[in-house]
Amino acid sequence: MSAVRSFVQLQAQPRAAPSTRMVSFILCLLPALLATTNAQATILTCNTCFGLTETCNFGSGTCQDNKTTGGCLSVAEDIKLDGTQHTYFYKQCLSSYKSNIKVPISFTVGNDKYVRINTTQCNTDNCNAAVLGVPKGSTTENGLQCPTCFALNFAVCNSSVTPCTGDETYCIDFVGFLYKGSSPSPFQAKGCTTASPQVIKPGINLTSTPYIFSFFWGQSVLAEKIPTSGASPALGKFSFTLYLPGLTGLLLVKLLA
Ligand SMILES: *[C@@H]1O[C@H](CO)[C@@H](O)[C@H](O)[C@H]1NC(C)=O
Ligand SMILES: *[C@@H]1O[C@H](CO)[C@@H](O)[C@H](O)[C@H]1NC(C)=O
Ligand SMILES: *[C@@H]1O[C@H](CO)[C@@H](O)[C@H](O)[C@H]1NC(C)=O
Ligand SMILES: *[C@@H]1O[C@H](CO)[C@@H](O)[C@H](O)[C@H]1NC(C)=O
C-alpha cells in the first residue's frame, strides 16, 4: 500500500466519495507518519567542533547518535600534568552516555599540576550548542588542605599536605590507568578537588583531549581545615584510612597490569 498511489488516486477522482477516500488516504499514510516519528525519536543530533579557543572553529557541523544510549557533549578543558598546558574546546556525540563523569570537575595534584574540565552532557537535539568557558582555577586559598601527589608507573606517590584553593573543597585519592593515545600508564594521584564522593567511582572514565583517566579505585572526602595555631604542618587528622585503600588499589592495579 503506497501513500503516494493513494494520493494520486485522490487527485485523479476528486468528486468520488471524498470522505471514504480521505479516510483511506489518512489510514494509508498513518504507518508512514508513525515510522518517521519513531526514527526521529531514536536518532539524536548533536553539534560538533574542535578548537584551541572558544571560537571552536574546526570541524563545525553535526553528528548523530542513538538516542537510547548516546548523548551530546560540550567540553572546555585546561589540563597540565607533564609541564605542557593543554587548553581545548570541543563538541561531539557521546556513544556511551552513562559511563562518563557528567559534571564540571577540577583537581590539583601538585604545584602547577591540575585538571580542570567544564562539561555539559545532555540528550536532546543540539543541546550542546553553547561553547563552555574554561574553568579558571583559583590561587585563593580556602583554608582547607589535602595530601597531594601525582605518580606514574608505580613511582611512590610521596604526598605532602598542601593548601586547597577556590572551590576545591574535597580531598581526592585515586588510582587507575592514564591513557595517552592507546597506551595505558598506571597512576596514583592525591590532591584537592571539586568532585564530591558521588562523582568519582571505580570503573568510571574521565575523558579529555590529551588523556583518558580510567578510575580503577577512588574516593573523595571533605577536606580538612588547616590547623590555625601552633600545629605542625604534618598530616593533622588525616588518618591511615585515607591511605590504606589507595595502597590496596595500587596493589590491585599492579597485579592486573
Ligand atoms: C538504539 O539502541 C537501542 C538499545 O541498544 C536499540 O534497541 C535500537 O535499535 C537502537 N536504534 C538505532 C537507530 O540504532
Ligand atoms: C562552564 O561554562 C559555563 C558557560 O560558559 C560557565 O557559566 C560556567 O561558569 C563554567 N563552569 C566552570 C566550572 O568553569
Ligand atoms: C618525600 O618528599 C620529602 C619532601 O617533599 C622528601 O624529604 C623525602 O625524601 C621524599 N621521600 C621519598 C621516598 O621520595
Ligand atoms: C575507559 O577508557 C578505556 C580506554 O579508552 C576503555 O578501554 C574502557 O573500556 C573505558 N571504560 C568505560 C567504562 O567506558
Side-chain angles (χ1 to χ4, degrees), residues 34-47 49 51 53-56 62-80 85-108 114-125 127-140 142 164-170 172 174-187 192-196 199-218 253 256-257:
L34 285 177
T36 315
T37 319
N38 269 340
Q40 278 168 351
T42 55
I43 290 172
L44 179 68
T45 302
C46 305
N47 287 214
C49 71
T53 65
E54 283 180 38
T55 53
C56 200
T62 58
C63 56
Q64 292 190 322
D65 219 329
N66 187 332
K67 196 165 197 164
T68 317
T69 48
C72 302
L73 175 70
S74 179
V75 172
E77 63 189 22
D78 177 10
I79 294 171
K80 196 170 177 185
Q85 185 174 19
H86 302 275
T87 307
Y88 298 110
F89 298 81
Y90 57 93
K91 297 191 243 172
Q92 64 186 43
C93 284
L94 195 63
S95 58
S96 64
Y97 182 51
K98 291 199 177 71
S99 66
N100 275 271
I101 291 176
K102 292 190 184 51
V103 292
I105 183 172
S106 94
F107 48 88
T108 305
Y114 59 81
V115 170
R116 297 178 194 137
I117 299 180
N118 193 357
T119 188
T120 297
Q121 293 177 35
C122 47
N123 61 356
T124 56
D125 284 343
C127 60
N128 66 338
V131 178
L132 299 180
V134 68
K136 290 282 175 288
S138 168
T139 52
T140 309
N142 60 20
C164 299
T165 56
D167 55 0
E168 296 188 339
T169 56
Y170 295 90
I172 194 174
F174 59 116
V175 294
F177 291 97
L178 186 67
Y179 290 83
K180 190 172 185 174
S182 60
S183 61
S185 312
F187 74 92
C192 304
T193 184
T194 56
S196 76
V199 172
I200 299 293
K201 290 180 193 142
I204 206 163
N205 275 359
L206 177 64
T207 305
S208 70
T209 305
Y211 309 107
I212 294 172
F213 298 85
S214 190
F215 294 106
F216 181 77
W217 177 90
V253 168
L256 291 176

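In each ligand, atom 1 is the first atom listed, and ligand 1 is the first ligand listed.
Taking the six-membered ring where the residue is Trp, the centroids of Phe174 and Phe216 are separated by 6.0 Å or more.
The Asn66 neighbourhood of ligand 1 comprises atoms 1 (C), 2 (O), 3 (C), 8 (C), 10 (C), 11 (N), 12 (C), 14 (O), with distances under 4.0 Å to a heavy atom of that residue. Ligand 4 places these atoms under 4.0 Å from at least one heavy atom of Gly203: 13 (C). Short contacts between ligand 4 and Asn205, defined as distances under 4.0 Å to a heavy atom of the residue, involve ligand atoms 1 (C), 2 (O), 3 (C), 8 (C), 10 (C), 11 (N), 12 (C), 14 (O). Close approach of ligand 4 to Ile212 is summarised as follows: ligand atoms under 4.0 Å from at least one heavy atom of the residue are 2 (O), 5 (O).
When the SG-SG distance for Cys93 and Cys63 is compared with the 2.5 Å cut-off, it comes out below that value. Checked against the 2.5 Å cut-off, the SG-SG distance between Cys49 and Cys56 falls under it.
A donor-acceptor pair shorter than 3.5 Å cannot be found between the side chains of Asn205 and Thr207. Looking only at atom types and distance, the side chain of Gln85 has a donor-acceptor partner in the side chain of Asp78 under 3.5 Å away. Defined by atom type and a distance below 3.5 Å, a donor-acceptor pair is missing between the side-chain atoms of Thr193 and Glu168.
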Write 'none' if nothing qualifies; otherwise put on separate lines each N/O atom of ligand 2 with a protein N/O atom under 3.5 Å away and their distance to 0.1 Å.
| from | atom 1 | to | atom 2 | distance (Å) |
| --- | --- | --- | --- | --- |
| ligand 2 | 2 (O) | Asn118 | ND2 | 2.3 |
| ligand 2 | 2 (O) | Gly133 | N | 3.1 |
| ligand 2 | 5 (O) | Gly133 | N | 3.0 |
| ligand 2 | 11 (N) | Asn118 | ND2 | 2.9 |

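By the 3.5 Å distance cut-off applied to N or O atoms, Thr42 is not counted among the residues near ligand 1. For ligand 4, the polar-atom distance check finds no N/O of Tyr179 at less than 3.5 Å from any of the ligand's N/O atoms.
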Residues Cys46, Cys72; criterion disulfide bond (SG atoms under 2.5 Å apart); working and verdict: CA-CA 5 Å; Cys46 305; Cys72 302; 2.0 Å; yes

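Residue Gln121 forms a side-chain contact (heavy atoms from CB on, under 4.5 Å) with just one option from Leu73, Val103, Val75, Ile101, and that option is Leu73.
Ring geometry, Phe177 versus Tyr179: the interplanar angle falls from 30° to 60°, so the pair is classed tilted.
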